[in-house]
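See below for the structure under consideration.
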Amino acid sequence: MDALTGKAGEILSQSVPGYHCYRLTPRPVIRYAGANLCRMLGCTPEDLVSDKEDRYGQWVYPGDRDAYAAALDSLSRSPHSRTIQYRLVGRDGSVRYVSDTLTSRQGEDGQMEADSVLTDITALKQENRDLQYLNDTIPCGFMKYTCEATPRITYINDRMRSILGLPESGSGQSEYIELYKQSVYLMIPMDQRERMQRYLNRVYRRGTPIAGEITVLRCDGTKAHLFGWVTKCVNPQGQEEFQSVCMDVTDRYQQKRSAQIQRYLKALTEVYDLIFELDFSANTAKCLYGEKYPMFRWVENIAMDMKEAVEKWIRGNVWEEDREQVQTLFQQIYADGWKNNDAQPLRVSYRASTDTAEPQPYQGIFLKMEDAVCWFCCRAVPQETESLRSENTSLKENMQELMLRFTDGLAAFEIRDGCVTPLYASDNVCEFFGFTREEWLPMMQRSTPIRTFVSRSDTAYEDFLALLQNGEREFTYYDLKTETERRIRAICSQNNPGSGSVRYVMLYNMEPKPSPAPTCRGTVVIRTFGYFDVFVGDKPIAFRNKKSKELLALLVDRRGGYVTSEEAIAFLWEDEPSSPVTLARYRKVALRLKNILEEYGISEILESVDGKRRIVPDKVQCDLYDYFAGKTDLFKGSYLSNYSWGETTLAELSGQYLSR
């Protein structure tokens, strides 16, 4: 025991957690117990030290004594180290989890001895037990991840592993799992990562949870759809972290998506003669509808080789003189793998073979359904187009003629006893009536009074009735593609006899395409350091709407990146969720911004694609852009002082300022 006296003995006794020393006789005994261990158990050294019996083993939890004894027996056979976990019962009855690291050696007398150091892991075990309870009792995915710019996953439960298709621990793919945990964004598709980042920033900034649906990528590359919550909290180590609880709603999403597709298909069959589904990921074609095509009708919904099926259709139906141009178009589509992301669908006109000598004019259209899937729809072009409506034509013939001019939207309603039940509508028609897609779907299950149905749109009740009664009506319509107010004409199918009927409505533009915006009348100078202002030449722009000015500031802050409607709403109206009300309000703000820029002749500094907007950095002179390019040192610690959301960029500017 002389080795444990003096300064070294004091350090071992007081500073090393749970230190004690064994003599590994056939019945191991404690020959020294440190003060730290005694405090842990609430005993004295005399309660542990003995030359005749193992008094320490009496403090080991009964259920763990066999494992404890086996570890000591192993150490007594040869010098080595090992770590075991077990429980200790204190004098007051409390139970502690400990991790015991033991190292055996041969003493001077040839007898085996061992040194032991304990680490109290009770708190860690309790946390893991709580997580295990959550994992076992709640059928939800659960994750913890850091609040860093690239959040790292620190915990993921078995249910979340299953949702993502992650391999089990110890399956030989642990390196893959560790790589996956380096960033939570690896489970998010590229087109949704910005949205995920925006939500996390909002949760972090406000400190309140947020709920919603999001798409994630499984390990095999397929997609799952989750509904869940994200919250920010502080872990036991005092570090901020995000926690997410989510449910797999992929089946529900697929069912809803399938129902939408079926409604869409039903509406299209009222207009088109043939509908093909082209799947470029599988290189297959499937005939979804072919009423006038006996060669395909008997193989409806059966996948065929894409090129073979298309070639068969071309040879059997396309006029010989037009086959080459149609084949060339399809060959280009094959080569691109359907990468048409234009706002307008791809169209083709051709002539079809008939029983007579004269070919029949036809028109085809490619409608994008998913990333690698599109529908090819074709229809006969009516020979007579003097009138859009005729008392003697059938509903289908009428709709075919309407599709000749269709550019803006399609809707179907059941009208009965002064009430309307929506059956189908393209997205821009939902917006026309003031509803989101999520609000539209429940309305399809019930009847709504016509007056209530049109109350959220800019359409007067009397005008909508006139459309149903007369079959035609003109309206002022906010076009989502060009973000302008247009004069459009609505054409309604005839009212069939009976108390209820399905009415189809087509919308098409009545105005020519807008003329190009005027060119800039002077250099556009944007000031962001301090308060936000915009100058054309030496003249400041007098914004008549504060939100329009703030929207422009937001686009400048994004430095040329596109900003979606949902993102802009989150910044302009921080305390209000995205809804039809805020969406309509935002459109008016965007329209006013567009108008004021046109008024000053600088509309070209903004670009808009599918409702997303961005500033064109090359067409403005901005102190923010010049500073990051090293062209100026005007930054003195103030940025967009009139907008609180500018703090993120301000922090970036401050960091760069201090490093210079």
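For reference, positions follow the sequence shown, starting with 1.
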Rounded to the nearest 0.5 Å, what's the gap from [atom1] on [X] to [atom2] on [Y]? Could you check?
| X | Y | atom1 | atom2 | answer |
| --- | --- | --- | --- | --- |
| Thr101 | Arg82 | OG1 | CZ | 11.0 Å |
| Lys594 | Ser603 | NZ | OG | 6.5 Å |
| Ile156 | Lys181 | CD1 | NZ | 7.0 Å |
| Arg614 | Ile605 | CZ | CD1 | 11.5 Å |
| Leu593 | Leu606 | CG | CG | 5.5 Å |
| Met143 | Thr154 | CE | OG1 | 9.5 Å |

Check: [X] side chain, [Y] main-chain N or O, donor-acceptor pair, under 3.5 Å:
| X | Y | value |
| --- | --- | --- |
| Lys232 | Gln243 | no |
| Asp279 | Thr284 | no |
| Ser548 | Val589 | yes |

field: Ser183 vs Thr150, side chain to side chain donor-acceptor pair (under 3.5 Å): CA-CA, chis, key distance, verdict
entry: CA-CA 6 Å; Ser183 172; Thr150 303; 5.4 Å; no

Any [X] side-chain heavy atom under 4.5 Å of [Y] side chain:
| X | Y | result |
| --- | --- | --- |
| Lys549 | Phe532 | yes |
| Val563 | Leu554 | yes |
| Ile121 | Gln85 | yes |
| Leu217 | Lys223 | yes |
| Gln197 | Arg202 | no |
| Leu653 | Phe628 | yes |
| Tyr586 | Leu591 | no |
| Arg96 | Arg87 | no |

Once the angle between the rings of [X] and [Y] is folded into 0 to 90°, is it parallel (under 30°), tilted (30 to 60°) or perpendicular (over 60°)?
| X | Y | result |
| --- | --- | --- |
| Phe242 | Tyr145 | tilted |
| Tyr253 | His225 | parallel |
| Phe227 | Trp229 | perpendicular |

field: Steps toward side chain to side chain donor-acceptor pair (under 3.5 Å) verdict (Asp120, Tyr97)
entry: CA-CA 6 Å; Asp120 189 342; Tyr97 288 85; over 6 Å; no

message: Which residue in the set Arg613, Arg195, Arg558 passes salt bridge (charged side-chain N to carboxylate O under 4.0 Å, His left out) when paired with Glu567?
response: Arg558

For [X] and [Y], test the side chains for any donor-to-acceptor distance below 3.5 angstrom and give the result as yes or no.
| X | Y | answer |
| --- | --- | --- |
| Thr528 | Asp623 | yes |
| Asp557 | Tyr643 | no |
| Asn36 | Tyr19 | no |
| Tyr204 | Glu240 | yes |

statement: Sorted by chain and residue number, the salt bridge (charged side-chain N to carboxylate O under 4.0 Å, His left out) partners of Asp115 (sequence neighbours excluded) come out as Arg105

message: Holding to salt bridge (charged side-chain N to carboxylate O under 4.0 Å, His left out), I want the full list of residues that pass it with Arg592, two or more places apart in sequence or in another chain.
response: none

query: Taking it one step at a time, do Thr231 and Thr208 satisfy side chain to side chain contact (heavy atoms under 4.5 Å, CB included)?
result: CA-CA 6 Å; Thr231 187; Thr208 56; over 6 Å; no

Tell me every residue that passes side chain to side chain donor-acceptor pair (under 3.5 Å) with [X], counting only those two or more places apart in sequence or in another chain.
| X | answer |
| --- | --- |
| Arg585 | Glu576 |
| Tyr625 | none |
| Thr119 | none |
| Ser99 | none |

field: Neighbour count >12 (heavy atoms, 6.0 Å) for atom CZ, Arg152
entry: no

task: Flag this pair as yes if the NZ/CZ of Lys547 is under 6.0 angstrom from the six-membered ring centre of Trp573 and inside a 45 degree cone about the axis; otherwise no.
output: yes

task: Show the numbers, then the answer: is there a side chain to side chain contact (heavy atoms under 4.5 Å, CB included) between Ile596 and Ile541?
output: CA-CA 8 Å; Ile596 192 70; Ile541 293 181; 4.0 Å; yes

query: Any chance the rings of Phe330 and Phe366 have centres within less than 6.0 Å?
result: yes

